*Asks:* 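Okay, here's the structure, questions in a sec.
Note that the structure is a prediction, hence the values are computed from the model and not measured.
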Amino acid sequence: CEAVGRRYGRGRWILRDVDMMVSAGEVVAVVGSNGSGKTTLLRILAGLSKPTEGSVTGRPPHIGYVPDRFTAHDRMSAISYLTHMGRIRGLSVSAARTRGEQLLERLSLVGGRDASLRTLSKGNLQKVALAQALLVQPGLLVLDEPWSGLDASAHGVLAEFIVEAAAQGGAVV
């Protein structure tokens, strides 16, 4: 990020003159008080929002993003959702399903892979969101409040995923 700023309409600036460089294999934590623009910055890093001023360069082709709130009021099962997202990201149906199953098993999704998304708790939806971000090895993994709602065992798994992503050359923010 070079001199990144963001405001909505003519309102107050949410971010102003943010310079940031994240290298491959690096893990960076963005900290600040509520309303300080952390989520806005993460959305800009992931390419979901554009800065009002400044620029972001050097994004890798594969970005994994976990929002602070993953709301899925869908009748689709967790594994169907992950298979669909894997297909969008270029995986074959079998590869997407296999990878999704591996991730859900590792995260210990309560209710199992065939549970409807709309029936899952916040923590279990967070597990599905994390799994979708990791379907394809990300060159940049952007996590917004990633531990929110996760049970204690999933905290450790998330930490492992962060270390693995960085060890494989991905940047984690």
*Asks:* Looking at side-chain heavy atoms only, is the closest gap between R43 and T40 below 4.5 Å?
*Replies:* no
*Asks:* Look at the side-chain heavy atoms of Ile, Leu, Val, Met, Phe, Trp and Tyr, link any pair under 4.5 Å apart, and say whether M21 and L141 land in one connected group.
*Replies:* no
*Asks:* Looking at G100 and I79, what are the two nearest heavy atoms and their distance?
*Replies:* C-CD1, 3.8 Å
*Asks:* Minimum heavy-atom separation for V30 and L42, please, with both atom names.
*Replies:* CG2-CD2, 4.4 Å
*Asks:* Determine whether V173 and V4 fall in the same hydrophobic cluster, where Ile, Leu, Val, Met, Phe, Trp and Tyr are linked whenever their side-chain heavy atoms lie under 4.5 Å apart.
*Replies:* yes
*Asks:* L135 and V142: same hydrophobic cluster, using ILVMFWY side-chain contacts below 4.5 Å?
*Replies:* no
*Asks:* List the residues meeting ring-ring contact (aromatic ring centres under 6.0 Å, His included) with Y81, not counting sequence neighbours, and say none if there are none.
*Replies:* F70
*Asks:* So for atom CD, which belongs to E105, do other residues, nucleotides or ligands contribute more than 12 heavy atoms lying within a distance under 6.0 Å?
*Replies:* no
*Asks:* Below 3.5 Å, can you tabulate the donor-acceptor pairs from side chains in residues 56-68 to any protein atom, sequence neighbours excluded?
*Replies:*
residue: R59; atom: NE; partner: L45; partner atom: O; Å: 2.9
residue: R59; atom: NH2; partner: I44; partner atom: O; Å: 2.6

*Asks:* Taking the side chain as everything from C-beta on, heavy atoms only, tell me whether I88 gets closer than 4.5 Å to H84.
*Replies:* yes
*Asks:* Show the numbers, then the answer: is there a side chain to side chain contact (heavy atoms under 4.5 Å, CB included) between V163 and V27?
*Replies:* CA-CA 8 Å; V163 168; V27 178; over 6 Å; no
*Asks:* Tell me the closest heavy-atom pair linking K122 and S148, and the distance in Å.
*Replies:* NZ-OG, 2.7 Å
*Asks:* Ion pair present between D151 and K127, side-chain N to carboxylate O less than 4.0 angstrom?
*Replies:* yes
*Asks:* Step through the shown structure and confirm whether more than 12 heavy atoms of other residues, nucleotides or ligands are within 6.0 Å of CE on M20.
*Replies:* yes
*Asks:* Closest approach of S23 and A171, non-hydrogen atoms and distance?
*Replies:* O-CB, 3.5 Å
*Asks:* Answer yes if L48 and V172 sit in the same cluster of Ile, Leu, Val, Met, Phe, Trp and Tyr residues linked by side chain heavy atoms under 4.5 Å apart, and no otherwise.
*Replies:* no
*Asks:* Test of understanding: clusters of I, L, V, M, F, W, Y form through side-chain heavy atoms closer than 4.5 Å, transitively. Do V22 and I162 belong to the same one?
*Replies:* no
*Asks:* Give every residue pair that meets the side-chain hydrogen bond (donor to acceptor under 3.5 Å, both in side chains) criterion with at least one member in residues 12-22, sequence neighbours excluded.
*Replies:* R16-E53
